[in-house]
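Numbered from 1 within each chain, the chains take letters A, B, ... in sequence-line order.
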Amino acid sequence: MNVRTRVAPSPTGDPHVGTAYVALVNYCFAKKHGGQFVLRIEDTDRQRSTPESERAILDSLHWLGLAWDEGPDAGGPHGPYRQSERSDIYREYVRVLLDAGHAFKCFCTPQRLEEMREAQRAAKQPPRYDGSCLRLTSAEIERAEAANERYVVRMKVPERGVCVVDDLRRGPIEIEWNTVDMQVLMKSDGMPTYHLANVVDDHLMEITHVIRGEEWVSSAPKHMLLYRYFGWEPPKLMHLPLLRNPDKSKLSKRKNPTSILFYRAMGYLPEALLNFLGLLVSSSPEGEEIADLGTLVQRFDFEHISLGGPVFDVQKLDWLNGRYLREQLDTAGFLQRVLAWGFEPSRAERIASLARPRVERLSDLGPLLAFLFAGRLPVTAEQLRDGKLDGEQVRRSFALAMWRFDAVRDWRVAEIERVLKSVAESLRQKLRDVTRPFYVAMTGSPTSVPLYDAMELLGRDIVRERLRFALDLLGRPNAAEEKAWKALQAASAPPPEIA
RNA sequence: GGCGCCAUCGUCUAUCGGUUAGGACAGCGCCCUUUCAAGGCGCAGAGACGGGUUCGAUUCCCGUUGGCGCUACCA
């Protein structure tokens with residue numbers, strides 16, 4: 001059998017290390033068996049998907065050294081590889097399900113669904129679709145359609161019995177059909193949901209093994225059912241454990257840097273990061289932990305992937321990266337990496353133009369620009385608080401800025417300035433007083449090169465990390481504060497439109 | 001809450017019924033060394049709990065506990 005695997009990221013944010021991890025496993029499995037590895041973009045969420053995110057994901061995976069045989073940028077015989085370009089295909093298959101009576105149109109409004117769930121929660125029932133539109137007569141359906149009412153298409157689900165999902169690593173997983181919801185397959189905007197799109201695409205793209213995150217286990221019955229409805233043979237399934245924060249919760253950017261871009265900005269080498277991820281996939285029998293992609297493929301054995309969710313241990317990554325820096329590179333190679341990391345020509349020029357007006361001797365450069373070449377800065381809570389704002393206001397300004405920065409698409413001076421001004425407005429403070437602690441948090445000093453430029457140069461991920469660190473110093477907002485501050489944010493400063 | 005997944009040192013893991021439970025990161029100590037790293041050597045550190053099955057369980061089964069995930073017109 002020709003093995004074909006895929007990774008199917010959703011372009012709704014920064015490229016996540018978890019995506020790289022899943023991609024790596026899929027890559028290794030396919031290559032180990034001489035098969036193909038496909039990259040597919042799951043951008044059926046029109047609100048959240050952005051081309052910037054897609055670009056960043058593709059770039060990041062390439063940066064890590066992963067290559068796919070088919071994908072939106074590579075082409076291939078099963079394209080298009082971007083789901084937003086496959087609407088007609090899904091529509092056709094929805095038609096098939098509808099005609100066969102495996103799916104039905106649902107005219108329920110979001111409000112009704114919300115009320116229904118609330119009632120179910122109140123009655124201690126699991127929230128599930130109540131099947132109301134299942135009982136619609138054909139006359140009623142025609143009337144609703146004639147009136148142009150918006151509808152979604154839901155799948156029918158057996159009322160009783162169990163679904164056995166075969167997981168390559170975990171064995172059979174039994175899930176009762178009556179715990180499976182009548183999932184929406186096609187949204188009212190005509191786009192498919194993940195459940196429909198992934199089944200149709202995996203079949204059409206001849207994917208033989210679906211290796212994905214553990215979060216999909218509970219919806220696997222829906223997917224199996226769809227294969228059955230279509231009369232297709234389902235691919236083999238394997239669910240990978242989720243990467244964890246040190247506290248064992250699912251790795252999240254609230255608690256840790258999760259963006260591949262962050263690790264790149266911090267000066268980790270792509271081969272070290274990939275190797276590190278590979279250590280979570282397969283451990284070396286001989287004990288040697290340095291392994292390139294080829295070695296990872298060669299020693300790959302899915303039987304050896306442990307099922308416990310591994311903590312993303314940055315200290316071990318640091319050690320591994322250090323070994324790459326001093327063992328795998330000679331001085332010339334090292335210098336080349338340094339230059340590429342921090343002195344790429346246009347960046348160097350930008351830095352020079354910011355520094356030049358502020359130095360009297362070239363030897364002033366070190367202290368002035370050190371923050372650009374550092375990870376965490378040695379700042380203290382006292383330094384953050386020593387301006388006109390009190391500690392509470394500083395905390396609030398950092399939290400607000402962090403949240404608002406997340407919504408910024410284009411990480412540029414103008415956008416950064418806009419956010420900081422909006423923060424000052426929300427706090428009803430002078431911009432100058434608000435920005436002072438930001439200088440400290442970002443550059444380590446209240447006086448430095450212009451803040452917005454510094455932040456743009458630092459990049460979104462380092463900025464986020466420094467804000468998080470500063471917030472840790474001052475005390476993270478608790479749940480109640482977070483809620484109150486977010487409300488304040490909504491009330492006093494509606495996010496300005498995207499420039 | 002319901003359903004599901006998972007469970008070896010602080011962390012990543014080896015072990016696939018019989019081992020002094022091995023290695024790596026982090027920690028600690030010693031050595032090397034003009035300093036600091038790096039490196040070498042060493043120390044400390046684990047089978048969640050309770051029942052079975054078995055001559056024998058970390059390993060197989062059940063239960064408990066704990067962690068995690070899902071519970072959307074997000075993926």
Output a table of nitrogen or oxygen pairs between the protein and nucleotides 65-67 of chain B separated by less than 3.5 Å.
none

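Screening A/Val184, A/Leu185, A/Leu134 for a side-chain contact (heavy atoms from CB on, under 4.5 Å) involving A/Arg154 leaves a single residue, A/Val184. Considering A/Arg112, A/Arg117, A/Gln120 in turn, A/Arg112 is the only one that fulfils the side chain to side chain donor-acceptor pair (under 3.5 Å) rule with A/Asp130.
Using atom C1' as the reference point in both B/U64 and B/A26, the two lie 33 Å apart (nearest Å). Across the C1' atoms, B/C25 and B/A14 are found 15 Å apart, a figure rounded to whole Å. B/G67 and B/U8 are spaced 15 Å apart, taking the P atom of each and rounding to whole Å. Using atom P as the reference point in both B/C5 and B/C61, the two lie 13 Å apart (nearest Å). Comparing the same atom, P, in B/C12 and in B/C36 gives a spacing of 33 Å after rounding to whole Å. With both ends at atom P, the span from B/U54 to B/C16 equals 23 Å, rounded to whole Å. B/G27 and B/U33 have their C1' atoms separated by 23 Å, with the value rounded to a whole Å. Annotation: B/A21 and B/G66 have their C1' atoms spaced 23 Å apart (nearest Å).
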Distance-only donor-acceptor pairs under 3.5 Å for side chains of residues 95-107 of chain A, two or more places apart:
unit_1	atom_1	unit_2	atom_2	d
A/Lys105	NZ	A/Glu145	OE2	2.3

Which donor-acceptor pairs under 3.5 Å do the side chains of residues 161-169 of chain A make with protein atoms, sequence neighbours left out?
unit_1	atom_1	unit_2	atom_2	d
A/Asp167	OD1	A/Arg169	N	2.8
A/Asp167	OD1	A/Arg170	N	2.9
A/Asp167	OD2	A/His239	N	2.9
A/Asp167	OD2	A/His239	ND1	2.8
A/Arg169	NH1	A/Ile305	O	2.2

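If you check B/U35 for Watson-Crick or wobble pairing at under 3.5 angstrom, you find it has no partner at all. Nucleotide B/G42: paired with B/C28 (Watson-Crick or G-U wobble, both distances less than 3.5 Å). Checking B/A7 for Watson-Crick or G-U wobble geometry (two distances, each under 3.5 Å) identifies B/U65 as its partner. Pairing for B/U71 goes to B/G1, judged as Watson-Crick or G-U wobble with the two contacts each under 3.5 Å. Across all strands shown, B/C16 has no partner, as no Watson-Crick or G-U wobble contact with both distances under 3.5 Å is found. Across all strands shown, B/A21 has no partner, as no Watson-Crick or G-U wobble contact with both distances under 3.5 Å is found. Under the Watson-Crick and G-U wobble criteria, each requiring two contacts below 3.5 Å, nucleotide B/A57 is left unpaired.
Comment: A/Arg464 engages A/Asp406 in a salt bridge, judged by a side-chain N to carboxylate O separation of less than 4.0 angstrom. Between A/Arg376 and A/Glu465 there is a salt bridge, since at least one side-chain N of the basic residue sits less than 4.0 Å from a carboxylate O of the acidic one. Between A/Lys32 and A/Glu303 no salt bridge is recorded (no basic side-chain N to carboxylate O distance below 4.0 Å). Salt bridge status for A/Asp69 with A/Lys31: present, with a side-chain N to carboxylate O gap under 4.0 Å.
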Under 4.0 Å protein heavy-atom contacts per nucleotide of nucleotides 70-75 of chain B, with B for base, S for backbone only and - for none = SSSBBB
message = How would you summarise protein contacts on nucleotides 21-33 of chain B per nucleotide, using B for base, S for sugar-phosphate only and - for none, with heavy-atom distances below 4.0 Å?
response = ---BSS-------
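One atom, CG of A/Leu243, and another, C1' of B/G69, lie 14 Å apart when rounded to the nearest Å. Between the CG atom of A/Leu320 and the C1' atom of B/C12 there is a distance of 12 Å, given to the nearest Å. One atom, CG of A/Leu251, and another, C1' of B/G69, lie 14 Å apart when rounded to the nearest Å. As a whole-Å value, the separation of A/Leu242 CG from B/G69 P is 7 Å.
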message = Pair A/Thr137, A/Glu140 - check side chain to side chain donor-acceptor pair (under 3.5 Å), show working.
response = CA-CA 5 Å; A/Thr137 63; A/Glu140 286 172 314; 3.3 Å; yes
task = Let me see the working for A/Arg337 and A/Phe334 under side-chain contact (heavy atoms from CB on, under 4.5 Å), right down to the final yes or no.
result = CA-CA 5 Å; A/Arg337 299 302 187 104; A/Phe334 176 75; 5.7 Å; no
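RNA chain B is contacted by no residue of residues 253-275 of chain A, taking any non-hydrogen atom closer than 4.0 Å.
Applying the 6.0 Å contact sphere to CZ of A/Phe373 captures more than 12 heavy atoms from other residues, nucleotides or ligands.
Using cut-offs of 30° and 60° for the angle between ring planes, the A/Phe29 and A/His33 rings count as tilted.
Here the two rings, on A/Phe312 and A/Phe276, have centers that are under 6.0 Å apart.
No engagement by A/His16 is indicated, since no non-hydrogen atom pair under 4.0 Å with the nucleic acid exists.
Note: A/Lys222 NZ to A/Met155 CE = 8.0 Å, rounded to the nearest 0.5 Å.
Where A/Phe312 and A/Gly308 meet RNA chain B, the nucleotide closest to each residue was compared, and A/Gly308 sits on the side nearer the 5' end.
By the 4.5 Å heavy-atom criterion applied to side chains, A/Arg460 and A/Val408 are counted as neighbours.
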